[in-house]
Engineer: 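A single structure is presented below for examination.
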Amino acid sequence: MTMPPYTKGLHRVGTHTYAYLQPDGSWGLSNSGLVVDEGEGLLVDTLFTLALTEELRSAIAARLPGVEITTVVNTHDDGDHTFGNQLFADRTIIGSAAMAAHLAASPSADYFRALIERAVGGEAPGALETFVRERMGSFDLSGIEMTPPNSTFAGRREVGVGRQRVHLIQVGPAHTEGDVLVEVPADGVLFTGDILFAGSHPVIHSGPVGRWIEACELIEGMAVETVVPGHGPVTGKPAVRRLRGYLERVAEHAERGLRAGLSVSEAAGRFPLEEYADWTDPERIVLNIGAVYRELGAEDGDFAELFVQTAEFWAGRR
Ligand SMILES: [Zn+2]
């Protein structure tokens with residue numbers, strides 16, 4: 001299978017599988033996936049806003065008239081993969097039990113909407129407001145009602161779509177508390193959710209980073225050729241290997257920084273970002289080093305505080 005171009009919209013990646021891509025894959029611009037057989041459709045993730053999710057639904061209806069989406073699988077609880085769930089509230093929405101439990105406690109649409117409104121309307125914005133305005137200011141999060149999965153599982157689960165079998169494999173906690181991979185064995189296609197970011201720095205929300213590294217190794221050993229990341233272009237295993245190398249490096253760098261008594265921002269400033277110059281969103285190194293600090297028991301690992309430092313790091317590099 002040749003890789004589809006990285007352009008917005010629905011792209012066929014296998015006999016029964018499609019990827020819906022949203023370039024450039026930065027903050028809030030996630031990918032979605034679709035498995036289709038015998039008129040049934042399984043959607044992998046919804047999008048960050050209702051309008052974007054409507055657009056996704058229209059693109060599917062235009063390209064595949066007559067296909068009915070019967071099932072949604074959420075790969076994890078981040079808003080850019082779940083906020084559109086309410087458009088499918090009367091369908092089966094599947095997620096890991098850990099993901100569903102965490103969704104209730106994670107920053108909701110209201111939190112992000114308030115953050116964006118404050119950033120867009122603020123008169124004397126600080127680094128955080130400027131960052132949010134420029135990177136997320138275009139997203140309209142109004143009208144979103146949190147719609148968690150109505151069907152949960154732990155470990156592994158198989159789901160049918162027509163005559164196709166789809167494998168759900170829980171690998172979280174890693175990027176988030178309950179990450180799930182979605183494998184379509186007949187097509188050799190894997191939807192990774194945010195276990196893979198392609199072309200951008202990943203974000204470590206929960207960790208432990210060691211489990212994320214193990215998830216990469218699991219993928220590297222799977223019989224799949226085509227990998228659809230949570231963000232970025234459709235790719236293959238080399239991108240997973242590269243991300244694993246990055247995570248190993250971040251873990252090692254953070255451990256050394258903590259031992260040397262560096263703050264998260266100081267350690268981030270010394271990370272060899274030039275080796276990932278082809279990746280967008282370098283400011284995420286602050287969140288990632290902070291996550292490892294948190295894992296190692298350091299005090300300065302609170303997400304809201306790290307997000308401010310991330311914005312300051314971004315402002316300092318402009
Ligand atoms: Zn995402």
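In this text the structure is predicted, and so the values were computed from the model without any measurement. In listed order, ligands and their atoms are each counted from 1.
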Engineer: Under a 4.0 Å threshold between the charged nitrogen and the carboxylate oxygen, would Glu266 count as salt-bridged to Arg270?
Structural biologist: no
Engineer: Is any side-chain N of the basic residue among Asp179 and Arg211 closer than 4.0 Å to the acidic one's carboxylate O?
Structural biologist: no
Engineer: Tell me which one of Thr82, Asp78, Asn74 satisfies side-chain contact (heavy atoms from CB on, under 4.5 Å) with Leu103.
Structural biologist: Thr82
Engineer: Using a cut-off of 2.8 Å, how many protein N, O or S atoms lie below it in distance from the Zn ion (ligand 1)?
Structural biologist: 4
Engineer: Check Arg57 with Glu54, please: is the shortest side-chain N to carboxylate O separation under 4.0 Å?
Structural biologist: yes
Engineer: Taking Glu38 first and then Arg163, would you say they form a salt bridge - that is, a charged N and a carboxylate O separated by under 4.0 Å?
Structural biologist: yes
Engineer: Run the ring-centre check on His231 versus His201 and record whether the distance is less than 6.0 Å.
Structural biologist: no
